[in-house]
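Inspection log for the structure reproduced underneath, given as structure tokens.
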Amino acid sequence: MAGLDEMKYRLGSNPRVGRVLTASDAAEALRLLRSDDPDLFGQRDADESIVDAVFADVSMPGLSGMELARVLTAFRNPPALVFITGHEENALEAFEVGALDYIMKPANAERIDRALRTIEKNKLQAAKGPRALEAPAPDDEEVIPVELAGTTRMIPRKDVRWVEAQGDYARLHTTDGSHLVRIPLAQLEERWAEAGFLRIHRSFLVSLSLVTELRMSSSGYSVVLGGGQPKELPVSRRHTRELKDRLVRAPRQNWGQQ
């Protein structure tokens, strides 16, 4: 089954989906998106979005999927956008142009359903108003007591850029130095997950909000952290997939800003 026909079949088989329209290239997709034909989309109010979501391949004849995405952002009511591709290196660019999700081929039914749930959630949040689109603020009131030379210093979690494992201890790295605490990295990983910290290596836990770059080299992936002097940390192979997924899905990330 051809890729376009297969995607149409999988979307049409999902109970979350109503009607599925297909386009062989970006130009045809734009003609459909701009159409006022009630036979295609039914009657609608002037301010009502005619399409809830667009699933686009990154590689298309003529305009690429990325170029199509940039056109869609100019719409008064832009549809939700999901990219489908066989090349994972485009994931970060996809986020930059406003994609809600990024599906690697071959796309199975479970993965498509997950993308559709993301679209539904985003639509519900948008209906509640702009503030609902903001990620819930983590409880940054948590502080970590650090003892040094008879003095106990309270380090706010929000000041921590990354955490480094050191046996049964963990070293908290902040903009003004580092602090050793008697807490295993695994315990902090679990405790701080909801605050936006992610394990990227057996030795490192990082604040995702500070990640400015994801780099790839012959030796593997690494991340660059902002929020102070730039710091590059390695990403282990077992954590790479989750890291990419989290970065693509994080709407409040500002990639490329130093």
Side-chain angles (χ1 to χ4, degrees), residues 1-42 44 49-75 77-124 126 214 216 220-221 237-251 253 255:
M1 185 182 296
L4 184 60
D5 290 337
E6 181 177 0
M7 181 55 60
K8 180 179 180 180
Y9 170 77
R10 291 197 179 280
L11 285 170
S13 301
N14 192 292
R16 302 176 189 276
V17 177
R19 188 173 183 185
V20 180
L21 299 176
T22 61
S24 58
D25 57 35
E28 184 180 355
L30 286 173
R31 283 195 296 271
L32 287 173
L33 290 167
R34 289 169 171 157
S35 175
D36 290 322
D37 188 348
D39 290 336
L40 288 177
F41 301 111
R44 71 184 195 284
S49 175
I50 58 175
V51 178
D52 286 326
V54 171
F55 284 72
D57 200 319
V58 171
S59 301
M60 293 189 293
L63 286 176
S64 69
M66 295 298 176
E67 291 168 330
L68 172 63
R70 292 185 176 93
V71 175
L72 295 181
T73 59
F75 280 30
N77 295 305
L81 177 64
V82 175
F83 279 117
I84 306 160
T85 182
H87 307 285
E88 64 180 17
E89 61 267 21
N90 295 118
L92 299 184
E93 186 180 0
F95 166 74
E96 289 175 350
V97 296
L100 285 183
D101 207 343
Y102 188 88
I103 301 177
M104 293 293 297
K105 297 177 181 178
N108 58 40
E110 180 181 354
R111 184 64 184 85
I112 291 173
D113 188 69
R114 195 168 80 192
L116 291 168
R117 291 199 303 270
T118 298
I119 293 169
E120 284 186 343
K121 181 179 179 181
N122 188 75
K123 187 176 181 180
L124 288 172
L214 176 62
M216 182 177 66
Y221 282 92
R237 182 175 299 178
R238 64 174 292 195
H239 293 101
T240 298
R241 174 62 67 183
E242 182 180 3
L243 172 64
K244 288 183 178 180
D245 188 61
R246 289 285 297 275
L247 290 176
V248 170
R249 291 168 176 274
Q253 293 286 339
W255 282 87

Taking the side chain as everything from C-beta on, heavy atoms only, tell me whether [X] gets closer than 4.5 Å to [Y].
| X | Y | result |
| --- | --- | --- |
| Leu63 | Asp25 | no |
| Val58 | Ile84 | no |
| Leu243 | Tyr221 | no |
| Phe55 | Asp101 | no |
| Val54 | Val82 | no |
| Lys8 | Leu4 | no |
| Ile112 | Met7 | yes |

Query raised in the report: What pairs with Glu242 under side-chain hydrogen bond (donor to acceptor under 3.5 Å, both in side chains), at least two apart in sequence or on another chain?
Result: none
Query - Residues forming a side-chain hydrogen bond (donor to acceptor under 3.5 Å, both in side chains) with Thr22, sequence neighbours excluded - result: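 Applying side-chain hydrogen bond (donor to acceptor under 3.5 Å, both in side chains) to Thr22 gives none.
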[X] and [Y]: which non-hydrogen atoms are nearest, and at how many Å?
| X | Y | answer |
| --- | --- | --- |
| Gly12 | Val20 | N-CG2, 3.8 Å |
| Ala107 | Ile103 | CB-CG2, 3.6 Å |
| Ala23 | Ala29 | CB-N, 3.5 Å |

Requested in this report: Give every residue pair that meets the salt bridge (charged side-chain N to carboxylate O under 4.0 Å, His left out) criterion with at least one member in residues 54-63, sequence neighbours excluded.
Outcome: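 Residue pairs with at least one partner in residues 54-63: Asp57-Lys105.
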Taking only residues two or more places apart in sequence or in another chain, which ones pass side chain to side chain contact (heavy atoms under 4.5 Å, CB included) with [X]?
| X | result |
| --- | --- |
| Ser64 | Met66, Glu67 |
| Ala109 | Arg10 |
| Ala69 | Leu81, Phe83, Val97 |

Report task. Any chance you could measure Arg114, atom CZ, to Asn108, atom CG, to the nearest 0.5 Å? Result -> 9.0 Å
Query - Gap separating the CD atom of Glu28 from the CE atom of Met60, nearest 0.5 angstrom - result: 10.5 Å
Requested in this report: Apply salt bridge (Lys or Arg N to Asp or Glu O under 4.0 Å) to Glu120 and list each qualifying residue two or more places apart in sequence or on a separate chain.
Outcome: Arg16
Report summary line: salt bridge (Lys or Arg N to Asp or Glu O under 4.0 Å) filter on Arg117, not counting sequence neighbours, yields Asp113
